[in-house]
Structures are given as C-alpha cells and as structure tokens.
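One structure below.
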Amino acid sequence: MSLSSSAFAVSAHSFSFKARRPKTPLPSSFQNPLRCNSTPSVPPLSRKLHPVKATILQEDEEDVVVEKSFRTTSFPGNGIEEVEASRGNSSSSSLERWIIKVEQSVNIFLTDSVIKILDTLYRDRDYARFFVLETIARVPYFAFISVLHMYESFGWWRRADYLKVHFAESWNEMHHLLIMEELGGNSWWFDRFLAQHIAIFYYFMTVFMYALSPRMAYHFSECVESHAFETYDKFIKARGDELKKKPAPEVAIKYYTGGDLYLFDEFQTDRAPCSRRPKIENLYDVFANIRDDEAEHCKTMKACQTHGNLRSPHSYEEDGFEDTPDCMIPEADCEGIVDCIKKSLTPSQVKQIRTVERNR
C-alpha cells in the first residue's frame, strides 16, 4: 500500500508539473491592417517565440481581442474560479471598453486635425512635408524612453526590452529625417520652425499621455505611423517612374546596407532578426523602404497596446531559460504613473526580487 501510494503521488506530481507548462503551437503569422507583407529570407522564428498581438477595439466588438501564444500558468481545477472571476469583473470590463473607445476617438480626432493642417500647408511640397513628418514621428520614442528612465530611477521598472526597441525606433526615424534633409526638405526656415515647435509640444503631450495611459499613447503613435505609411505609399504610386531615375542619398545607402544592422532589426518586433535586408539602387527603393519601416512601426505600436507584450527580437535568440523558470529573475513592472505609485506602496514585488537574487 505504501509503495502504491508513493507511486501515485509521484505520478500526480509529474502530471501537475506537465499541466503547468502545456505545449501550445504558435499562431498564424500576424496580419497587419496595412497589408504590408514581405517574404523573409531566413527561416521563421523558433517555437520559443511567444508574442502577444493586440487588435484595436472596434465598435461592434464586445471586448478587446488578444491573441495569446505564450504558455499559460493555469492549473487543473482553476476553470471554475476563472469563470467566477470573469463574472465579477463584467462591470470593470464594460468600463474599460468605454475608456478604450474614448482614448481612440480622441487620438483619431487629434491625428485628423494635424493631417488637415499639413494638407493645407504642404499640398505640392512633398519633401518639406516629409521633413515635418519625420521630425514629429520620432518624438514619441524620446518621450517613452524618458518616462521609462524615470520609472527605473524610482525602481518601478526593470524591462530593458522596451528601452531597446524604442531607442531602435528613434534611430530609424532619425535616419528618415537625415534622408529628407539631404533631399532638401529643410531648406526653408518656416518648415524648420514649424516642425521643431510642433515637436516640442508633442513631446510634453506624449510624456503626459504616456504617464497616464501607455495604451493611449501607443495607439496615438500608431495613428501617426499609419498616416506616414499612407503618405509614402501614395507618393511612391504617383511618382514611381520619376523616383527610379534618381540616385539614392548616401545616408540611405549607409543605413540600409551598412555592416551593422542590429538596430535596424531591433525595431521590427514582428520579424526574425536578419529577415529583411533592403536593396538600395535608386530613390524609389529608398522611399519604398521608408514606407515599409512605417508599417513595421505600426505593428510594434499595435502590439505595445497590450501591457507587458513587447519583447526585443534579439531576446528570443538569447532566451535560454524557458525550461528552467527558477533561474529567471522577476522584473519590476507597472502600467502608468498611478499603477507605479500604487505598487511602490506595496513592496512585495521588490522583496520577491531581492529574495530570488539572494537565493542565487
């Protein structure tokens, strides 16, 4: 009897361990609304890649749709508790849906207002318009990094992937700006004055928005990047033959075909590293790649709207702790300034991190 009981206990323990870490296949590749797909030149990411993709809440949806492919931590018998919890949180879910709709409505209104101003001022001045767009487009990433560094200073945040990806995004937008400057987009003082002052206002607005609601700030940035994609796409279709006859700027050749493309891969979180290597032969190729860059920014900003979702593409290559969770150090995390202050008043998370570090 004792032998059989021991065998049963061991069997139950092994079953419980397996249930904690079920193997789930990767979902189908994420489809961006911009329909900007390209064929990768290397095999897809391994099964260790577990992204989470979020779709924007639509009017006819009942809830925010979240596609998950990471491993769950549910245990047998927790289904009833989850159902009861979902019933109890129905009112909070309704409030969250309403808040999301308000945030997105405000973002769309602000974006449309800026687009109308740019359409009026830069109807026939494409390069100047692009210069203003690129000056504005890189500002949110500065704001994100500033707020996250502040959180780090107070010990509220320890997620390096966000800092790495947002810096890579700002690096990409900076080279877009350098390309437009080489093409003469900043030749008139008024364009420089307008772009720089809009950027200053946009920076502080984004810092305030990101501190209150990161989801709203990421959605607003997605709206800006989506407009940039559409603008470049229309420009390429309208003047494609002319662009193919012009040489590519030197800064574009160095950026897209240079030796070190680590940061170029870093901001493309929906791709495996080294899966996109642009070919630059003329000015048409430059604008085509800038357009594709904006599509990748849209994908990243969309994914960021699910809290804790973002991971550096290079992190998956270095992730060797998947089967040894005891070796992983918990990361401090919070969502917005209110959540950060609330968690700082309950130092259980900090104690947990220090306990794990001492045990190591």
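We number each residue from 1, following the sequence as shown. All values below were derived from every heavy atom in this structure, side-chain atoms included, with hydrogens, water molecules and symmetry-related copies excluded.
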(request) Not counting sequence neighbours, which residues clear side chain to side chain contact (heavy atoms under 4.5 Å, CB included) with I236? List them please. (result) Y284, F287, A288, R291

(request) Apply side chain to side chain donor-acceptor pair (under 3.5 Å) to E181 and list each qualifying residue two or more places apart in sequence or on a separate chain. (result) none

(message) Checking Y122 now: which residues fulfil side chain to side chain donor-acceptor pair (under 3.5 Å) with it, not counting sequence neighbours?
(response) D191

(request) Quick one: list whatever passes side chain to side chain contact (heavy atoms under 4.5 Å, CB included) with E152, sequence neighbours left out. (result) H149, W157, R158, L163

(request) Sequence neighbours left out, what passes side chain to side chain donor-acceptor pair (under 3.5 Å) with R129? Give chain and number order. (result) D119, H227

(request) With sequence neighbours left out, write down each residue that passes side chain to side chain contact (heavy atoms under 4.5 Å, CB included) with L261, or none if nothing qualifies. (result) F264, R277

(message) Once ring-ring contact (aromatic ring centres under 6.0 Å, His included) is applied, do any residues pair with F193, and if so which ones, sequence neighbours excluded?
(response) H197

(request) Just jot down the ring-ring contact (aromatic ring centres under 6.0 Å, His included) partners of F220, sequence neighbours excluded, or say none. (result) Y202

(message) Using a strict threshold of under 4.0 Å (side-chain N to carboxylate O), is an ion pair present between D270 and R276?
(response) no

(message) Going by ring-ring contact (aromatic ring centres under 6.0 Å, His included), name the residues that satisfy it together with H297, two or more places apart in sequence or in a different chain.
(response) Y141, F267

(message) Taking ring-ring contact (aromatic ring centres under 6.0 Å, His included) as the definition, give me every residue that meets it alongside F201, ordered by chain and number, with sequence neighbours left out.
(response) none

(request) With sequence neighbours excluded, tell me which residues meet side chain to side chain contact (heavy atoms under 4.5 Å, CB included) with A238. (result) none

(request) Tell me, please, which residues at least two apart from S146 pass side chain to side chain donor-acceptor pair (under 3.5 Å). (result) Y203

